[in-house]
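Quick notes on the structure that follows.
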Amino acid sequence: MDLIHCCVRWPWKNFPTSKTSLFQKEERLRHYNPLPLTVPAFSNRMPAQCVFSRIEGKGKRSPPPPPGGAPAKLAAASPVASRKWRSSAHALRGAPRRAQTPGSVTYVQSNLPRRPVPRSPRLRPGGAARAPGAGRTARSHPGAATCPFSAKMALASGVRFAPRALLRPWSSPVELFHHDRYRHHEPPAPVHYEDKHVSVVKVWGGTEPSRYFLITARIHKWPSGILRLGGINGDDISEAPRVCPWARRWVQTASAGPAAALSTGAGPSLPLFLLLAEWVAVMKLRNPPVNALSLELLTELVISLEKLENDKTFRGIILTSDCPRVFCAGLDLTEICGRNPAHCAEYWKAMQELWLRMYLSSLVLVAAINGACPAGGCIIALSCDCRVLADNPKYRIGLNETLLGIIAPFWLKDTYVNTIGHRASEQALQLGSLFPPAEALQVGLVDQVVPEDQVQSTALSEMARWLAVPDHARQLTKNMMRKATADRLLRQRDADTQNFVSFVCRDSIQKSLQAYLEKLRQRKG
Ligand SMILES: CC/C=C\C/C=C\CCC/C=C/CC(=O)SCCNC(=O)CCNC(=O)[C@H](O)C(C)(C)COP(=O)(O)OP(=O)(O)OC[C@H]1O[C@@H](n2cnc3c(N)ncnc32)[C@H](O)[C@@H]1OP(=O)(O)O
């Protein structure tokens, strides 16, 4: 059990404006904030060699649906949308707020739809569900069906909230991050705040004329827990605990600090709302001494990835190493040296499987490369969406197969070419180049080079950047960029396995692998 990270969903499109009543505001926040966060209750059996962790939250259920609630079709198609529909319909009708009784049924984080529903409102069969009595809806606003900011735009132009807006396929921090105001308005001076409870990692937006701000803060109680706290300039901070009573603890903890710190740059007391959490798993490779990709580690990685993909609470994985100084030494040469063809075939299939899974993963994968990253290690990193490398000249990265007398298969080559381009790959592959950090950055093998102690936090910031994009759009784009490369292997997977086996089982190759392993062992001595 190691790192715990959580990011926060930001339902901006549904966020109240001055045109909505406090009652509606409360309703919506209550709807969007059903989870008091509790510290780890993680119990699944996890693979021995990959360590990842999460926090689970518990919370009260939303109020039962009002009479004449969401159509059954909608409920069946999307419980999320249905719940949103109920909530909004409730608010629009001015139904009395139901008391949340302590001890009512709780549910764990994984029951919540963390991922945006990957559906376009345009394509939804049967059209929009409408709240009785709703007037103009966001749909009637030009561009409402296509523009991700249309709900907010609709609000800004005075259109009342309506279920159509709430049924939009996702709600995430994206509007905050992607809105020009947030992209271009960093605080005038960096805001630093630290006390015994909380330290501010980053402030997004928050300066005039921005209306909203978002803080990424580290909660010390959770050793690596990151919270996003957001608010609207000028609101009363004392409202936050009332709006989401279960969050009082955290709001109180966090509010004094960041709010005070921010007030210098963004006006007087700012509210901090603790919003829904979304989870990022941190997966640590642990196969000492060098994280060589043994068959067991490959298998565990594939299983872990599959688990995380299937667990809808996760949107991203940070992949890093638990072994000092080495991210991953690549193929475990002992798995292909002196082994029979059947074993080599099984091993290579596992390698293919891992690459396919990682390369096409629907999750955001960020590699926090905190050590040497040769050959297969580099491929693992290249299969991620983003790479952060520790600035240490010993931590070199690249495909050095030719130096071992072996040849990178076409899909490793393709991955390389896709990342650094044809000419650079041609050169680096033939020379078996291992790049030190500065060169790796220059050639485009990694996206960031940072001091060693900042690798994890930078990876987390990168993750936040990637998670700020609506999942379905990002996933489809990723697929569009990578599918052809993956398909090439899928079409000839068996032939590739055959090639590999016949190649590595050659006497000459076995001899050079043996000599290489021997050299590694002697070097140590
Ligand atoms: C026609 C074509 C068809 C098909 C294609 C054919 C073939 C395709 C195959 C291509 C794919 C290749 C991908 C690969 O990944 S090949 C593996 C390449 N890996 C390396 O070259 C890394 C070698 N290791 C190192 O450089 C260093 O160990 C490292 C920098 C990672 C760490 O250095 P450090 O000083 O910290 O550790 P060492 O003392 O060197 O090592 C400690 C022990 O670990 C053993 N070791 C190291 N690497 C491996 C490895 N890859 N596999 C197995 N064992 C490894 C090393 O021997 C030491 O062992 P002991 O002495 O402790 O027993």
Side-chain angles (χ1 to χ4, degrees), residues 49 285-298 301 321-339 341 343-355 358 369-383 389-390 392-416 425 428-437 440 488-489 492-525:
Q49 289 163 310
L285 302 178
R286 185 186 291 163
N287 188 20
V290 291
N291 279 336
L293 295 167
S294 62
L295 182 56
E296 197 191 349
L297 179 57
L298 289 176
L301 275 168
S321 163
D322 205 36
C323 295
R325 300 182 310 281
V326 184
F327 176 74
C328 171
L331 298 195
D332 187 338
L333 297 173
T334 62
E335 297 276 7
I336 54 174
C337 194
R339 302 292 193 126
H343 183 85
C344 292
E346 189 189 357
Y347 181 68
W348 196 242
K349 281 179 189 161
M351 185 69 201
Q352 291 170 337
E353 183 65 30
L354 178 64
W355 178 78
M358 291 188 70
I369 310 168
N370 50 352
C373 191
C378 173
I379 283 302
I380 300 280
L382 293 184
S383 312
L389 175 61
N392 182 330
K394 288 184 182 156
Y395 298 170
R396 296 191 302 157
I397 180 170
L399 296 183
N400 60 333
E401 279 78 355
T402 49
L403 297 183
L404 287 70
I406 56 180
I407 305 158
F410 69 87
W411 43 280
L412 296 204
K413 179 267 295 174
D414 289 347
T415 314
Y416 220 36
S425 300
L429 275 173
Q430 290 189 47
L431 295 173
S433 308
L434 285 172
F435 296 94
R488 222 180 134 202
L489 173 61
Q492 37 189 319
R493 214 169 155 174
D494 289 343
D496 181 67
T497 309
Q498 288 294 327
N499 274 345
F500 175 77
V501 173
S502 58
F503 184 79
V504 296
C505 290
R506 280 185 207 163
D507 280 350
S508 58
I509 300 300
Q510 284 293 316
K511 275 186 193 144
S512 70
L513 287 175
Q514 246 155 17
Y516 186 72
L517 263 174
E518 204 46 50
K519 205 171 94 187
L520 282 175
R521 286 174 185 146
Q522 280 168 5
R523 196 178 66 170
K524 193 180 171 193

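Since we're looking at a predicted model, the values are computed, not measured. Atoms within a ligand are numbered from 1 in the order they appear, just like the ligands themselves.
Judged purely by atom type and a 3.5 angstrom limit, Glu335 uses its side chain to pair as donor or acceptor with the backbone of Leu295. Side chain of Asn400 to backbone of Pro374: no donor-acceptor contact under 3.5 angstrom is found.
At a 3.5 angstrom cut-off on N or O pairs, Leu333 counts as close to ligand 1. The distance criterion of under 3.5 Å between nitrogen or oxygen atoms is met by Tyr516 with respect to ligand 1. Where the criterion is an N or O separation shorter than 3.5 Å, residue side chain and backbone included, Ala329 meets it with respect to ligand 1. For ligand 1, the polar-atom distance check against Glu401 finds no nitrogen or oxygen pair separated by under 3.5 Å.
Between Asn370 and Asn392, the closest side-chain pair of non-hydrogen atoms is not below 4.5 Å. For the pair Phe327 and Leu389, the minimum side-chain heavy-atom distance is 4.5 Å or more.
Using modelled atom types and a 3.5 Å distance limit, the side chains of Thr402 and Gln430 yield no donor-acceptor pair.
Looking at Ile336, Leu331, Ile406, Val501 and measuring to atom 50 (C) of ligand 1, the nearest heavy atom belongs to Leu331.
Against a heavy-atom cut-off of under 4.0 Å, Gly376 is close to the following atoms of ligand 1: 13 (C), 14 (C), 15 (O). Listed by number with element, the atoms of ligand 1 under 4.0 angstrom from any heavy atom of Phe500 are 4 (C), 6 (C), 7 (C), 8 (C), 9 (C). Remark: ligand 1 atoms within the under-4.0 Å shell around heavy atoms of Gly330 are 15 (O). Near Asp332, the atoms of ligand 1 lying under 4.0 angstrom from a non-hydrogen atom of the residue are 52 (N), 53 (C). Heavy-atom contacts of Pro374 reach the following atoms of ligand 1: 22 (C) (cutoff under 4.0 Å). Of all the atoms in ligand 1, the ones that sit under 4.0 Å from a non-hydrogen atom of Ile407 are 5 (C), 6 (C), 7 (C), 8 (C), 10 (C).
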With side-chain contact (heavy atoms from CB on, under 4.5 Å) as the criterion, how do Arg325 and Lys394 come out once you've worked through the C-alpha distance, each side chain's angles and the decisive distance to 0.1 Å?
CA-CA 8 Å; Arg325 300 182 310 281; Lys394 288 184 182 156; 5.8 Å; no
Give the intermediate values and the outcome of side-chain contact (heavy atoms from CB on, under 4.5 Å) for residues Lys413 and Leu399.
CA-CA 9 Å; Lys413 179 267 295 174; Leu399 296 183; over 6 Å; no
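Contacts between Leu399 and ligand 1 below 4.0 angstrom, taking non-hydrogen atoms only, are absent altogether.
What you find for Thr415 and Leu382 is that their closest heavy atoms are CG2-CB, 3.8 Å.
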